[in-house]
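One structure below.
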Amino acid sequence: MKKFILLMLVFATMITTAACGQTQTPPATFDTTQDGNSATPSVNSPEQTADAEQSALLSSMTPAAFSPYDVPAHVTGEYPFDALTVSFNADVTVPEATSYPVVKMQRRTMTNDEIFAIVELLADTTNGIYGKWDAPKSQWQTWIDEVEQYKDEPWMNSSYLDSLKEYYNAAEEEVVREPINPALIVQGAAEQIFYVPSQEGAMADKFHIFEDGFIYSTNTVSAGLNGLQTNIIRERDVGEFRANFETREQYLWSSPGEPEIPQEKAYAQAVQLLNDMGFGDLTVSYAEPCCFLDNYVNKTTGWAFTFTRDVAGLSVHEEKIQDSSFISNDVIPAYFAPWSAERVLISIAKDGVRGITVRGISNISGTVIESVQLVPFETMQERIAETLNQMYAAQLRTENSSVKGEIEVTSALLGVSLIADNGHTDEGYYVPSWIVNYSLTMTGGDYSGQIIFDAAGGNYIEPRMTCLLYTSP
């Protein structure tokens with residue numbers, strides 16, 4: 001799909017006066033009552049009033065007594081534009097909630113003690129920690145010999161074997177590993193990577209500490225650009241098969257099979273780890289099979305559990321991959337995220353935890369608005385259609401002005417999203433949001449996408465992109 005992938009710096013100037021800026025013009029607002037009449041605002045605390053007076057985001061929202069959102073479970077509709085038509089044939093999911101609040105969050109940085117409490121939970125540091133964990137030629141040869149036994153298998157990837165041989169050629173006959181001082185490991189702007197030897201000694205557990213989280217990987221060796229580690233592959237959609245890069249057999253090999261551990265047992269282990277790491281206030285968002293490839297030829301299948309923040313019954317439901325998002329340069333989101341939304345991914349195999357990713361470590365600062373009035377869904381449909389038209393119309397005209405494009409909105413889910421306001425990158429707000437999935441028919445084929453809207457103001461937002469990148473020097 002020819003989507004526009006725009007790096008943050010491209011929009012730096014725009015965002016100075018928009019979502020991440022101090023002088024933002026308040027976004028367009030709607031009459032947000034279900035019947036078109038004004039709602040009676042609830043009484044806010046002095047702190048809530050002060051926040052609202054300083055915030056374009058909060059001032060665009062209408063506090064109101066909570067009542068469950070009224071929308072059909074399935075909606076239809078058609079919105080014709082010059083270059084395309086946006087139609088709705090969408091299931092609408094509204095989870096049971098106790099309110100539709102706006103919750104203020106504070107970004108949190110882990111201390112050295114907190115980091116190593118987690119390290120000690122996952123690994124044995126008796127033999128020290130190391131800045132690198134190289135392998136000698138003899139060990140690389142062992143891994144090469146193991147892989148060569150399967151070189152004629154249809155699922156074998158010859159490029160993997162080639163990379164092992166390159167690592168062998170670059171390796172030393174003997175390696176000297178220098179331990180590092182644990183006290184130097186802190187969470188901050190500079191990323192830090194260190195290794196803890198495994199019991200077998202040939203490989204190590206890897207800890208990658210970054211600004212708002214960390215990644216824990218097993219069976220690793222630091223070599224070249226990426227090194228060696230357990231490759232964790234979550235459930236793949238059949239549409240992810242890439243005939244130009246892999247055979248059908250390779251695709252199936254690198255896709256999860258039947259899990260070798262019951263989901264209930266794996267979930268219990270994941271929840272215990274979540275609590276022990278200090279993130280027990282998050283709740284499971286979804287579970288899916290995943291496979292683990294060690295040295296590519298050793299495969300096992302287990303479970304991956306994603307935990308996110310639950311706010312009064314609403315959860316974070318953006319698409320799983322958050323490293324980048326796709327937006328058009330024809331329509332700029334009203335708000336971005338101050339940092340990555342809280343998310344803990346724990347991958348469990350039959351022999352225990354194989355990988356952990358933690359992002360967006362945060363603390364709840366307080367509830368700023370107890371419950372807000374949500375934009376009626378008829379109005380949301382119009383806003384969704386208008387935004388999708390703005391995003392794709394110019395692209396469609398460029399590709400083939402004689403063929404009218406078609407976008408079908410297939411689902412809408414009410415959740416929450418973390419967004420920044422007034423240029424703050426150390427605090428943000430969880431707000432009710434619509435996570436909207438759609439399919440797009442163009443001359444090159446059919447594609448799918450996801451777009452997110454602030455449910456209380458009707459604004460297009462992009463919580464998968466962080467405001468931090470805009471304000472970095």
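Side-chain atoms of Gln139 never come within 3.5 Å of backbone atoms of Pro136 as a donor-acceptor pair (strictly under, hydrogens ignored). Formation of a donor-acceptor pair under 3.5 Å by the Tyr216 side chain with backbone atoms of Ile346 is not found in this model. Looking at Tyr79, its side chain never comes within 3.5 Å of a backbone N or O of Phe88 through a donor-acceptor pair. When atom types are taken as modelled, the side chain of Ser198 and the backbone of Met203 share a donor-acceptor pair closer than 3.5 angstrom. Although no hydrogens or angles enter the test, the distance criterion places a donor-acceptor pair under 3.5 Å between the side chain of Gln192 and the main chain of Leu184. No side-chain donor-acceptor contact under 3.5 Å links Ser285 to the backbone of Phe307.
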| After noting the C-alpha distance and the side-chain angles of Lys350 and Glu260, does the key distance pass the salt bridge (Lys or Arg N to Asp or Glu O under 4.0 Å) rule? | CA-CA 6 Å; Lys350 61 183 179 182; Glu260 299 168 43; 3.0 Å; yes
| request: Could you go through the salt bridge (Lys or Arg N to Asp or Glu O under 4.0 Å) check for Asp294 and Arg354 one step at a time? | output: CA-CA 11 Å; Asp294 289 299; Arg354 288 296 200 93; 2.8 Å; yes
| message | Run the salt bridge (Lys or Arg N to Asp or Glu O under 4.0 Å) test on Arg107 and Glu211 for me, step by step, so that the C-alpha distance in whole Å, both residues' side-chain angles and the decisive distance to 0.1 Å come before the verdict. | response | CA-CA 10 Å; Arg107 192 159 169 254; Glu211 195 166 22; 3.2 Å; yes
| request: Starting from the C-alpha separation in whole Å, work towards a yes-or-no answer on salt bridge (Lys or Arg N to Asp or Glu O under 4.0 Å) for Arg309 and Asp281. | output: CA-CA 7 Å; Arg309 177 71 62 182; Asp281 56 344; 2.9 Å; yes
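The cationic group of Lys206 does not satisfy the cation-pi geometry with Tyr195, failing either the under 6.0 Å distance to the six-membered ring centre or the 45° limit from the ring axis.
The nearest pair of heavy atoms linking Ser439 to Thr410 is OG-CG2, 4.2 Å.
Centroid-to-centroid, the aromatic rings of Tyr335 and Tyr429 stay 6.0 Å apart or farther.
Aromatic ring pairs are classed by plane angle as parallel below 30°, tilted from 30° to 60° and perpendicular above 60°; the pair Tyr150 and Trp155 is tilted. Between Tyr438 and Tyr392, the ring planes lie perpendicular to each other; the angle is over 60°, past the 30° to 60° tilted range. The aromatic rings of Phe207 and Phe194 sit parallel, their planes meeting at an angle under 30°, below the 60° perpendicular limit. Relative orientation of the Trp140 and Tyr167 rings is tilted, given thresholds of 30° and 60° on the angle between their planes. Ring geometry, Trp133 versus Tyr130: the interplanar angle exceeds 60°, so the pair is classed perpendicular (tilted spans 30 to 60°). Below 30°, between 30° and 60°, or above 60°: for Phe453 and Tyr460 the angle between ring planes is between 30° and 60°, a tilted geometry.
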